[in-house]
Protein chains: 2
Amino acid sequence: MPARGDHEQRRREVARIAAELVATGGLTAATHRRIAAASGCSTTVVSHYFANKQDLIRAIYVEVGNRVTSRLVAAGASTTPLVAVLEALLPLDEDRVVDWRLLFAFLGVAVTDPDLEAEQRSRVAAVRARIEQVITAEKRMGSVPGDNDPERIASVLLAVVLGIGFQALFDPAYWTPARIHETLNQALDDLGPLERSKRPPRRR
Amino acid sequence: MPARGDHEQRRREVARIAAELVATGGLTAATHRRIAAASGCSTTVVSHYFANKQDLIRAIYVEVGNRVTSRLVAAGASTTPLVAVLEALLPLDEDRVVDWRLLFAFLGVAVTDPDLEAEQRSRVAAVRARIEQVITAEKRMGSVPGDNDPERIASVLLAVVLGIGFQALFDPAYWTPARIHETLNQALDDLGPLERSKRPPRRR
């Protein structure tokens, strides 16, 4: 009998494979049969890891959430943490586009499922708190104007970032990386005279 | 045999009933059997209106889109059209909350369906164009500062509104109407010195 750690690791591996199926074909594509075929195990084993569809959806969401958290941690170590944290949330490369796609597949179900809804609520609250922390730190360093309330700025900036991702996912031709940066810059400019060096490069 | 107009009207009625089922129980709740029971017709009749699930989802989305368009038209006639148009898009009453819920149920499917994705893309582009028009009109009236590019302002404001709705849907306790107004005000304030009378009231 495999150790508990092996079970967890194997379960996460299967969740990642299932996530790839969902990102391409939507939630209906992630049947136990297809997951089994793609991961090279039997449907019995897949059922052992995921009792039902909700169980599977939650596992995929946790995977996506963990990837987002890793990106935020990495961004926090940047010399321009506010911009880096906001960019970490935006669909600026294929990995982040896939995670946005998975997020929407998840939210389509979460919207009428109280457990999944609570999961989304706590994730977003954690991200907002993280942005607020970074703003507070940058205020101390003088790179965010001191007369702005960090919670309010965090609220507006997170709304801008989520609103961009929301649109970009369905209209990647309009929302090129250049336009995403430009819109984020506009929102940051609106906050007042930050130091230029704290901004992503302007591109048109 | 009923006239074509009757068929269309009856089909929309059934779509509205299906939308109520989706808003409460998600897309899985909108089975032909349940729609038939709720609308008082046979499953054969429901199948006649909606050949398959995608057909039904699209009809519900068109219903929601039409309601949003009606709200935007009404908002355009306001004495403060920019604020009114933005508020028309926000989940500030039960009808708009239901439409946000339906939108997310739809987007969960649209994310891997090119036809539905195109539908969403063109709807959002139309809303963005509408906001841009209103900004251009308000600039002429002097209620939006003249040094801002309408397309850029429209992009940021639409992102803010969508980002607020996105969060509010899963966290209505945090996103009270007061906080929604406050965040929208903050984003509008950021645009520069608009006339105070053009803003929604500040509440804390």
Side-chain angles (χ1 to χ4, degrees), chain A residues 22-29 53 100-113 116-125 128 148-149 152-153 155-175 179 182-187 189-192, chain B residues 22-29 53 100-113 116-125 128 148-149 152-153 155-175 179 182-187 189-192:
Chain A
V22 173
T24 318
L27 284 175
T28 51
K53 195 93 183 188
W100 266 93
R101 200 169 289 144
L102 290 170
L103 176 66
F104 267 83
F106 175 88
L107 296 179
V109 180
V111 85
T112 45
D113 181 316
L116 297 178
E117 194 185 56
E119 189 86 36
Q120 167 68 5
R121 185 160 54 237
S122 78
R123 290 272 180 181
V124 170
R128 193 166 45 230
N148 284 313
D149 172 38
R152 280 186 161 211
I153 306 179
S155 259
V156 172
L157 289 179
L158 180 57
V160 169
V161 163
L162 294 179
I164 291 173
F166 185 141
Q167 294 173 80
L169 192 60
F170 299 98
D171 200 352
Y174 180 85
W175 286 98
R179 190 182 295 272
E182 188 184 42
T183 307
L184 180 58
N185 273 322
Q186 174 82 40
D189 275 345
D190 290 345
L191 293 180
Chain B
V22 173
T24 317
L27 283 174
T28 50
K53 196 93 185 185
W100 267 93
R101 198 169 289 144
L102 291 170
L103 175 67
F104 267 83
F106 174 88
L107 296 179
V109 179
V111 85
T112 46
D113 181 315
L116 296 179
E117 195 184 56
E119 190 87 34
Q120 168 67 5
R121 186 160 52 241
S122 78
R123 289 274 180 178
V124 171
R128 193 167 44 232
N148 283 313
D149 172 38
R152 282 186 158 210
I153 306 180
S155 260
V156 172
L157 289 178
L158 180 57
V160 169
V161 163
L162 295 179
I164 292 173
F166 185 140
Q167 293 173 80
L169 191 58
F170 300 97
D171 200 352
Y174 180 85
W175 287 97
R179 190 182 294 272
E182 187 184 43
T183 308
L184 180 59
N185 272 324
Q186 175 81 37
D189 275 345
D190 289 345
L191 294 179

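Numbered from 1 within each chain, the chains take letters A, B, ... in sequence-line order.
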### Segment of A23(A) engaging chain B (4.5 angstrom heavy-atom cut-off)
backbone

### Task
Answer with side chain, backbone, both or neither: which region of T28(A) has an atom nearer than 4.5 Å to a non-hydrogen atom of chain B?
neither

### Task
Output the distance between atom CG (L157(A)) and atom OG1 (T183(B)), rounded to the nearest 0.5 Å.
11.0 Å

### Message
I need the D189(B) CG to R152(A) CZ distance, nearest 0.5 Å.
### Response
7.5 Å

If you look only at distance, which donor and acceptor atoms sit under 3.5 Å apart when one is on a side chain in residues 161-173 of chain A and the other is two or more places apart or in another chain?
residue, atom, partner, partner atom, Å
Q167(A), OE1, R128(B), NH1, 2.9
Q167(A), NE2, G163(A), O, 3.1
D171(A), OD1, Y174(A), N, 3.4

### Message
Counting heavy-atom pairs closer than 4.5 Å to chain B, which one of F104(A), W100(A), F106(A) comes out on top?
### Response
F104(A)

### Option in V109(A), L116(A), L107(A) with maximal non-hydrogen atom pairs under 4.5 Å from chain B
L107(A)

### Query
Which heavy atom in V160(A) sits nearest to a heavy atom in V156(B), and how many Å separate them?
CG2-CG1, 4.4 Å

Toward chain A, the part of [X] with a non-hydrogen atom under 4.5 Å:
X: S122(B); answer: neither
X: V22(B); answer: backbone
X: L27(B); answer: neither

### Task
Could I get the full list of side-chain hydrogen bond (donor to acceptor under 3.5 Å, both in side chains) partners for Q120(A), not counting sequence neighbours?
Y61(A)

